[in-house]
Protein chains: 2
Amino acid sequence: MITEEKQLLFERQAEIAKALSHPVRIAVVNFLKDGEQCVCDIAEYVGAERSNVSRHLAVMVNAGLLSYRKQGLKVIYELRCPCILEFFVCIGGVLKQQVEADRRLLRAL
Amino acid sequence: MITEEKQLLFERQAEIAKALSHPVRIAVVNFLKDGEQCVCDIAEYVGAERSNVSRHLAVMVNAGLLSYRKQGLKVIYELRCPCILEFFVCIGGVLKQQVEADRRLLRAL
DNA sequence: TGAGTATGTGAGTATATAATCACATAGTTA
DNA sequence: TAACTATGTGATTATATACTCACATACTCA
């Protein structure tokens, strides 16, 4: 049985995973890992419409992944917690294991 | 600029995150971390319809998170890569940091 | 063989998400 | 003040996702 607290935790964890479940948002994290950036530059890096990027950023702020500050005309976003980068290490483990499996499959052909 | 390879990587990473972006699927990982289980028991643990759980499991298999084997009437699922559990450590870091921020906010009231 | 059990799937519906365009807002600078 | 720039948002549309119910499949065991 899942306790009510566990249920809440699962929902919160799922929300964070969802905030990372889009290629554009993954790209954003990758771009911001080296330091804060304005929307303009983020949009150029990820190669998407500014308004679209704006919405993706809002999703990530809502999930608690990003914070932002205004500086003149610009709005500058940064990773709220560098620990999110461990996510890529974790996912990397899964991907490596998949590639290994594919390789074994290939050899069996 | 994002290279074509990076783009592919981001898509793959997003896909894995998406497979973890639902409370039921998070619950499944939590249940399976102590060992393989059949659909029946998984459904009871997560508290959802069997057919619904079946679909969630299919999503996770597709993403490469789970593997399964048939044993008589039952189909038994297990984590394909325990490294996925690091995901919770990572997410835990983000959540802790959010709770800290909330606490600071509360003190400021 | 026939009843029973575990699982998966088709079809339908409701809801959520993503993308785009046009426009609003806010700050800048001449 | 007026033109300009960076950003966010409303409205719309297309697509994806989640869920449910009924049913098909596959295996078990009497």
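So that the names make sense, note that chain A is the first sequence line, chain B the second, and so on, each numbered from 1.
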> Do any side-chain nitrogens or oxygens of Arg25(A) fall under 4.0 Å of OP1 or OP2 in dA18(C)?
Replying inline: yes
> Considering only dC21(D), dT7(C), dT7(D), which nucleotide approaches the side chain of Cys38(A) most closely?
Replying inline: dT7(D)
> Are side-chain heavy atoms of Leu109(B) and Leu106(B) found at a separation under 4.5 Å?
Replying inline: yes
>> Please determine whether a side-chain nitrogen or oxygen atom of Tyr77(A) lies at a distance below 4.0 Å from atom OP1 or OP2 of dA6(D).
In response: no
> Considering only side-chain heavy atoms of Arg55(A), which listed nucleotide, dA18(C), dA18(D), dC21(C), is closest?
Replying inline: dC21(C)
> Tell me: CG of Asn52(A) to P of dC23(C), nearest whole Å?
Replying inline: 19 Å
> Rounded to the Å, how far apart are His56(A) NE2 and dG8(D) C1'?
Replying inline: 14 Å
> Of all the nucleotides listed (dT7(C), dC19(D), dA22(D)), which has the minimum atom distance to the side chain of His22(B)?
Replying inline: dC19(D)
>> Rounded to whole Å, how long is the line connecting atom NZ of Lys70(A) with atom C1' of dA26(C)?
In response: 8 Å
> Whole-Å distance between dA18(D) P and Lys18(B) NZ?
Replying inline: 9 Å
> Lys74(B) NZ to dT28(D) C1': how many Å, rounded?
Replying inline: 12 Å
>> Side chain of Ser51(B), heavy atoms from C-beta onward: which of dT5(C), dT9(C), dA18(C) has the nearest atom to it?
In response: dT9(C)
> Which one, dC27(D), dA18(D), dT9(C), comes nearest to the side chain of Ser54(B)?
Replying inline: dT9(C)
> Sequence neighbours excluded, which residues qualify as disulfide (SG to SG under 2.5 Å) partners of Cys38(A)?
Replying inline: none
>> Side chain of Val39(B) only, heavy atoms from C-beta on: which candidate in dA6(C), dT7(D), dT7(C) is closest?
In response: dT7(C)
